[in-house]
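Side chains included, hydrogens not; waters and symmetry mates left out as well; all remaining heavy atoms used.
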Amino acid sequence: MKKLFFGALILSFMSACNNDTLSNQEDASQDPGTTPNMLASKRSCPSDLIREKALKSDPALRARFEANELQSDKFLRDLSMGKVLADGTVEIPVVFNVIYNTTSQNISDARIAEQIAVLNADYGATNSDINKIPAAFQPSAAGNVKISFKLVATNRKQSTKTAWRSDLEEMKKSTTGGINATDPTKNMNIWVVNSILDENNQPGTLGYAYYPESAGLWYDGLVIGYQYIGKTGASAPFNLGRTVTHEVGHYLNLPHLWGSSNAGCQTDYSNDTPTSPGPNYGTPSYPLNRVCGGVSRSQMFMNYMDYVDDKAMFMFSANQKTRMQAVVAAAGPRAGLR
């Protein structure tokens, strides 16, 4: 496994997700046990609420968050002074924890392998649609992020539960019917479940992830609905594996393009992504101009950290690459994954 010798961590945040409004969309691959209103056609995200609640209730987590923020300045200074001595690719071990109710929800090994391939293509800039990046954004494109992914284990468990609450994390404990994480200090755990409910017991969430200040904790990792893993049999319009690409971005310290609040027009700490007033949905046409602070800006809606459909997202920016590399650096909070 190659090592990446970078400095300290850029500003971290708590949990993030792709939580989607409900729809009556039909899909040929739909599980007979899955009713239409359990599927989603539009992304939105309650992750900031999860993050804010956790930081308010856990002083130790708040301290880690603030320490990470202080380290970010040092990392940027080291970059500007040329102190980063080497480059390389960090290979992150991935463990899939599949919890299913019906047989069709027990996604195949082939579909998991397909998802790993999607991650490696998207983070390695070998995705087939990368040539769609508009000319105006090509100078800002990340290219190869120098982070790859390797499947090391798949755990499976059948459950009588038909849905899982995102705020209870029961899928992550064997004592509550879930699967315990496989050493989250060394592996990126992905829990695949049949349906994710928000704290109000409403369905429609595609997935969510925890930010780097949660590194190594028992609940650290991603939770994804089985309908959105890989490509084969996945539910349109989220059928290209990019729900996981998006959530791994959060896991590696990338906020949404509009910042850490749904209010929008805030910084995402990457100065090469245009300021955004909020998420974009569906399959927008370029150019798409939106206003923040009285200034109209062309939106980078094709960025993986927006809310567009899978087929409309196909790039990270160079600054986002720097943020992710900082997280897996020797001094970063996810350095144990190397």
Side-chain angles (χ1 to χ4, degrees), residues 16-46 96 98 100-123 127-133 162-164 166 190-198 202-209 222-250 256 279-286 288 299 301-315:
C17 76
N18 283 331
N19 178 32
D20 299 80
T21 60
L22 310 181
S23 78
N24 289 323
Q25 84 177 51
E26 297 286 349
D27 186 86
S29 63
Q30 184 175 314
D31 174 12
T34 301
T35 56
N37 70 349
M38 293 174 68
L39 299 177
S41 63
K42 183 179 179 183
R43 304 185 198 258
S44 62
C45 194
F96 270 81
V98 181
Y100 62 96
N101 179 236
T102 66
T103 301
S104 59
Q105 295 166 357
N106 186 17
I107 59 172
S108 66
D109 290 341
R111 195 160 155 189
I112 291 173
E114 195 173 50
Q115 181 62 69
I116 294 292
V118 169
L119 284 175
N120 283 322
D122 289 349
Y123 282 79
N127 49 300
S128 61
D129 48 2
I130 197 168
N131 60 350
K132 295 181 181 179
I133 298 175
T162 57
W164 303 79
S166 60
I190 300 178
W191 285 268
V192 180
V193 298
N194 46 12
S195 180
I196 307 171
L197 305 178
D198 63 20
Q202 295 301 307
T205 299
L206 276 72
Y208 62 95
L222 288 64
V223 179
I224 308 291
Y226 82 97
Q227 304 97 324
Y228 314 112
I229 296 293
K231 299 179 180 180
T232 304
S235 297
F238 310 111
N239 56 348
L240 297 179
R242 281 167 170 166
T243 294
V244 180
T245 297
H246 177 103
E247 298 306 334
V248 171
H250 291 312
H256 297 126
N280 296 294
Y281 300 100
T283 56
S285 297
Y286 178 84
L288 174 65
Q299 297 293 289
F301 62 80
M302 67 292 304
N303 193 286
Y304 292 122
M305 303 316 295
D306 208 331
Y307 279 178
V308 294
D309 294 350
D310 278 18
K311 67 181 180 182
M313 53 172 60
F314 34 79
M315 70 172 290

Donor-acceptor contact below 3.5 Å, side chain Asp309 vs main chain Lys311: no

Minimal non-hydrogen separation, Val118 against Lys231, with atom names: CG2-CE, 3.7 Å

Non-hydrogen atoms of His256 and His246 that approach each other most closely: NE2-NE2, 3.3 Å

Ile112 and Val192: CA distance, side-chain angles, deciding distance, side-chain contact (heavy atoms from CB on, under 4.5 Å) verdict: CA-CA 10 Å; Ile112 291 173; Val192 180; over 6 Å; no

Any donor-acceptor N/O pair, Gln115 side chain to Ile229 backbone, under 3.5 Å: no

Any donor-acceptor pair under 3.5 Å from Thr245 side chain to Leu119 backbone: no

Exam field: side chain Asp306 to backbone Asn280, donor-acceptor pair closer than 3.5 Å: yes

Straight-line distance of Ile107 CD1 to Tyr228 OH, nearest 0.5 Å: 13.0 Å

Which residues share a ring-ring contact (aromatic ring centres under 6.0 Å, His included) with Phe96, sequence neighbours left out: none

Gap between atom CG of Asp310 and atom OH of Tyr304 - 0.5 Å precision: 10.0 Å

N/O donor-acceptor pair under 3.5 Å between Asn101 side chain and Thr162 backbone: no

Nearest heavy atoms of Phe314 and Ile133, plus distance in Å: CE1-N, 3.7 Å

Interatomic spacing from CZ in Arg242 to CG in Asn127 - rounded to 0.5 Å: 5.0 Å

Exam field: side chain Glu247 to backbone Ile224, donor-acceptor pair closer than 3.5 Å: no

Check: Tyr123 side chain, Gly249 main-chain N or O, donor-acceptor pair, under 3.5 Å: yes

Distance in Å, Ile190 CD1 paired with Leu222 CG, rounded so as to fall on 0.5 Å steps: 5.0 Å

Separation between CE of Met315 and CG of Asp122, rounded to the nearest 0.5 Å: 12.5 Å

Aromatic ring pairing Tyr281/Tyr307, orientation class (parallel under 30°, perpendicular over 60°, tilted between): tilted

Contact summary for Ile196 and Gly225, nearest pair of heavy atoms: CD1-N, 3.8 Å

Residue pair Glu114 / Thr232: nearest heavy atoms and the distance that separates them: OE1-N, 2.8 Å

Nearest non-hydrogen partners of Gln105 and Asn194, listed with the distance: OE1-CB, 3.2 Å

Any donor-acceptor N/O pair, Arg111 side chain to Tyr226 backbone, under 3.5 Å: yes

Note, Val308 side chain near Pro284 side chain (heavy atom, < 4.5 Å): yes

Stepwise side-chain contact (heavy atoms from CB on, under 4.5 Å) test for His250 and Met305: CA-CA 8 Å; His250 291 312; Met305 303 316 295; 3.4 Å; yes

